[in-house]
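Take a look at the structure set out below.
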Amino acid sequence: MTVTAQRQSLRNIHYALLTSDTAAGAVYALPKPLVGAVSAKVSPASSQEKLWADDGVFDIASALGDITLEIELAALPLSAQAALLGHSYQAGVMTQNAGDEPPFLAIGFMSQPQQGQFRFVWLYKGKFALVEDEYNTATDAPAWRQPKLSGTFIKREYDGNWQIIADSTDPGFTGAADWFKGVYPDVAAGGGE
């Protein structure tokens, strides 16, 4: 079997504020784009415990822990940073207050794991941590500094789901055109979850 390099791609990162998450349903604001997708890394933590009985492993229990999301962007405008982190933004000025609380939100994006296939992703409920700022003097060589966001995601109260993934090459998936019109399957299913 010959292994060949696969094309990688990441684009169309969107966020949608989670306005309600109860046993009755989850409600999101309309998704907004974050331009300049550079990278996204989803790292779910899980633990497994073995039950030993009759001189061997009798059963294995698994539990989902925190889900970490790291996003790197080409730019993060102050208006988007304020929305993602719970700061105020008025007349082009972002004000950060000690009492600011990042809102729960969903993050969606698409990638191209191989030629001719797109993967669509939504993480349903999480919060981002404050963004680290670094400032340097000018030198004789340009240096790129892409903003990085790090957040923790959890399962929704509504249904226990934390992520949804679809591949464009799966014949059963028909929601690609609507993926970013709402937090899937809000739009594709014809309304709220």
Side-chain angles (χ1 to χ4, degrees), residues 8-22 25-46 64-89 94 96 100-113 117-133 145-168 170 173 175-189 191-193:
Q8 299 247 346
S9 171
L10 175 68
R11 60 182 87 162
N12 293 333
I13 295 179
H14 284 68
Y15 72 93
L17 297 178
L18 176 61
T19 58
S20 174
D21 180 21
T22 66
V27 179
Y28 297 89
L30 289 175
K32 295 181 179 179
L34 293 172
V35 297
V38 174
S39 68
K41 180 180 178 183
V42 180
S43 303
S46 63
L64 178 67
D66 291 344
I67 301 108
T68 302
L69 174 64
E70 295 174 351
I71 295 176
E72 187 174 353
L73 302 165
L76 183 59
L78 291 179
S79 59
Q81 188 174 336
L84 295 172
L85 299 174
H87 305 313
S88 66
Y89 181 78
M94 180 177 73
Q96 296 172 292
D100 290 348
E101 181 67 28
F104 278 113
L105 48 80
I107 292 288
F109 56 86
M110 64 186 285
S111 69
Q112 188 174 12
Q117 174 190 5
F118 286 96
R119 177 159 292 160
F120 297 85
V121 177
W122 273 107
L123 284 89
Y124 281 137
K125 184 178 182 179
K127 289 185 177 189
F128 283 111
L130 292 175
V131 176
E132 184 177 291
D133 287 325
R145 283 200 178 69
Q146 295 93 358
K148 296 177 183 175
L149 292 166
S150 181
T152 301
F153 282 70
I154 59 176
K155 65 180 181 164
R156 290 192 298 201
E157 293 294 321
Y158 166 54
D159 54 11
N161 293 338
W162 65 274
Q163 178 177 248
I164 189 168
I165 301 174
D167 284 331
S168 62
D170 188 316
F173 176 59
D178 294 327
W179 194 258
F180 299 111
K181 291 181 181 176
V183 176
Y184 194 88
D186 282 355
V187 173
E193 297 187 66

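Between Y184 and F173, the angle of the ring planes goes over 60°, which puts this pair in the perpendicular group of the 30/60° scheme.
Side-chain atoms of Y15 and I107, non-hydrogen and from C-beta on, do get closer than 4.5 Å to each other. When side chains are defined from C-beta on, L17 counts as touching L105, because their heavy atoms get closer than 4.5 Å. Two residues are said to be in side-chain contact when any heavy atoms from C-beta on lie closer than 4.5 Å; S79 and Y89 meet this criterion. Side-chain contact between E70 and E72 is absent, with no heavy atoms from C-beta onward closer than 4.5 Å. In this structure the side chain of Q163 never reaches within 4.5 angstrom of the side chain of I67, judged on heavy atoms. No side-chain heavy atom of F109 sits less than 4.5 Å from a side-chain heavy atom of I71.
Residue S39 holds its OG atom at 7.5 Å from CD1 of I13, rounded to the nearest 0.5 Å. Remark: M110 CE to H14 NE2 distance equals 10.5 Å, nearest 0.5 Å. Here the OG-CD distance, from S20 to E157, works out to 10.5 Å after rounding to the nearest 0.5 Å.
The shortest heavy-atom contact between A16 and A29 is CB-O, 3.4 Å. The shortest heavy-atom contact between D21 and K125 is OD2-NZ, 2.9 Å. For the pair A176 and F120, the tightest heavy-atom approach, listed with the atom from each and the gap, is CB-CZ, 3.6 Å. In plain terms, the two heavy atoms of A37 and R11 that are nearest each other are CB-CA, 4.0 Å. When all heavy atoms of P147 and A75 are compared, the closest pair comes out as CG-C, 3.8 Å. Minimum interatomic distance between R119 and D167 (heavy atoms only, all atoms of both residues): NE-OD1, 2.7 Å.
Panel note: side chain W122, backbone W179; a donor-acceptor pair is recorded below 3.5 Å. Formation of a donor-acceptor pair under 3.5 Å by the T19 side chain with backbone atoms of V27 is found in this model.
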Y158/Y124 under ring-ring contact (aromatic ring centres under 6.0 Å, His included): CA gap, chis, key distance, verdict: CA-CA 11 Å; Y158 166 54; Y124 281 137; 9.2 Å; no
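Atom NZ of K32 has 12 or fewer neighbouring heavy atoms from other residues, nucleotides or ligands inside a 6.0 Å radius.
Considering L76, L149, L34 in turn, L76 is the only one that fulfils the side chain to side chain contact (heavy atoms under 4.5 Å, CB included) rule with Q81.
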